[in-house]
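Read the structure below first, then the notes.
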Amino acid sequence: MATTEVLSKARHILLKRIPALTTPADIRRMLTRYNVQGVADVAIIYENFMPTKQAIITLSLPNFLRDNLRELTNATLSGVVFTSEEVDYSESGPPPTELGTGPHAGVDNIGNNVVLSSFPSGTSPTNIKTITDKYLLASSFEESVLAIKTAPKNPVSMLIKLRSESEAYRMVRDLHMTNPLERLRWSRDLQARVIH
């Protein structure tokens with residue numbers, strides 16, 4: 001248990017063991033159901049664009065922390081009991097983020113991003129221009145479609161920044177229903193997911 005001094009400064013609550021497909025909207029609905037007050041931000045924590053089954057809640061004031069932790073004792077999310085604990089970033093600052101890792105996967109345009117994975121090593125964004133042409137991108141093709149390489153010879157993922165959350169979900173839905181690259185053998189494993 002944290003000391004009173006730590007609790008008085010802490011403005012973050014870490015949720016652990018949340019369902020993998022949870023969205024920030026799901027968490028906000030749960031927080032409303034349990035009467036959690038003063039929520040400024042809800043962020044899913046990612047590692048290499050994969051959800052870690054953790055989320056961080058940022059409170060507007062540290063005064064809300066104790067009551068909120070009490071409300072979240074034995075709380076459930078989609079029928080799953082999760083754990084919650086206070087996190088104090090007042091001295092150390094929030095955890096560092098890099099592209100694909102950390103709260104909101106370290107990307108801007110929150111909720112409007114889609115990750116397509118995985119493409120053979122050496123695939124460039126221009127190879128998927130035919131897929132992205134029917135969607136509203138956040139800006140130009142060059143600024144909105146980024147290749148994500150983890151290491152040489154490893155499969156490549158593509159980060160696609162779309163204009164709205166509904167457009168991001170439309171892209172994921174379309175790609176799960178019909179694979180536009182089905183003539184290519186490697187494309188059977190093509191996955192699309194929205195990054196929140």
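For the single chain, residues carry numbers from 1 onward in sequence order.
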Worksheet item: Could you go step by step and tell me if R17 and K53 meet the side-chain contact (heavy atoms from CB on, under 4.5 Å) rule?
Response: CA-CA 5 Å; R17 297 195 325 241; K53 297 186 179 183; 5.9 Å; no
Fill in: N-O pairing of D108 and K161 below 4.0 Å
yes
Worksheet item: Between the main-chain N or O of P155 and the side-chain N or O of S121, is there a donor-acceptor pair closer than 3.5 Å?
Response: no
Practice prompt. Spell out, as yes or no, whether a donor-acceptor pair under 3.5 Å connects the side chain of R11 to the backbone of L59.
Written response: yes
Item to complete: Go through the side-chain N and O atoms of D174 and Y135 and say whether any donor and acceptor fall under 3.5 Å apart.
Response: yes
Worksheet, complete the sentence: On a heavy-atom basis, the closest approach of L77 and P19 is O-CG, 3.7 Å
Practice prompt. Please examine the side chains of I44 and P24, heavy atoms only from C-beta on, and report whether any two atoms are closer than 4.5 Å.
Written response: yes
Discussion item. Quick check against the 3.5 Å criterion: does N127 have a side-chain atom that pairs as donor or acceptor with the backbone of S124?
Written reply: yes
Discussion item. Given 3.5 Å as the limit, does a donor-acceptor pair link the side chain of Y46 with the main chain of L99, or not?
Written reply: no
Discussion item. A side-chain contact here means heavy atoms from C-beta on lying under 4.5 Å apart; do L31 and E71 qualify?
Written reply: no
Worksheet item: Do side-chain atoms of N113 reach the backbone of N109 as a donor and acceptor pair under 3.5 angstrom?
Response: yes
Practice prompt. Would you mind reporting whether I57 and V39 have side-chain heavy atoms less than 4.5 Å apart?
Written response: yes
Item to complete: Check whether any side-chain N or O of N68 sits under 3.5 Å from a backbone N or O of F64 as a donor-acceptor pair, and report yes or no.
Response: yes
Worksheet item: Judged by modelled atom types alone, do T130 and D133 share a side-chain donor-acceptor pair under 3.5 Å?
Response: no
Worksheet item: When you look at CD of E47, are more than 12 heavy atoms from neighbouring residues, nucleotides or ligands closer to it than 6.0 Å?
Response: no
Worksheet entry | Check: L69 main-chain N/O paired with S84 side-chain donor or acceptor under 3.5 Å | no
Worksheet item: Tell me the ring-ring contact (aromatic ring centres under 6.0 Å, His included) pairs involving residues 70-103, sequence neighbours left out?
Response: H12-Y89
Fill in: Residues H104 and D41: side-chain donor-acceptor under 3.5 angstrom
yes
Practice prompt. Report yes if some heavy atom in the side chain of V115 is under 4.5 Å from a heavy atom in the side chain of I160; otherwise report no.
Written response: no
Worksheet item: Do L116 and F141 belong together in a cluster built from hydrophobic side chains that touch within less than 4.5 Å?
Response: yes
Item to complete: Look only at the side chain of E167 and the backbone of L162, and say whether a donor-acceptor pair between them is shorter than 3.5 Å.
Response: no
Worksheet item: With distance as the sole test, does R193 use its side chain to make a donor-acceptor pair with the main-chain N or O of F49 at under 3.5 Å?
Response: yes
Discussion item. Any heavy-atom pair between the side chains of M171 and K134 that's under 4.5 Å?
Written reply: no
Worksheet item: Around L61, counting heavy atoms of other residues, nucleotides and ligands shown, do more than 12 lie under 6.0 Å from its CG?
Response: yes
Worksheet item: Has the side chain of T32 got a donor or acceptor atom that lies under 3.5 Å from a matching backbone atom of R28?
Response: yes
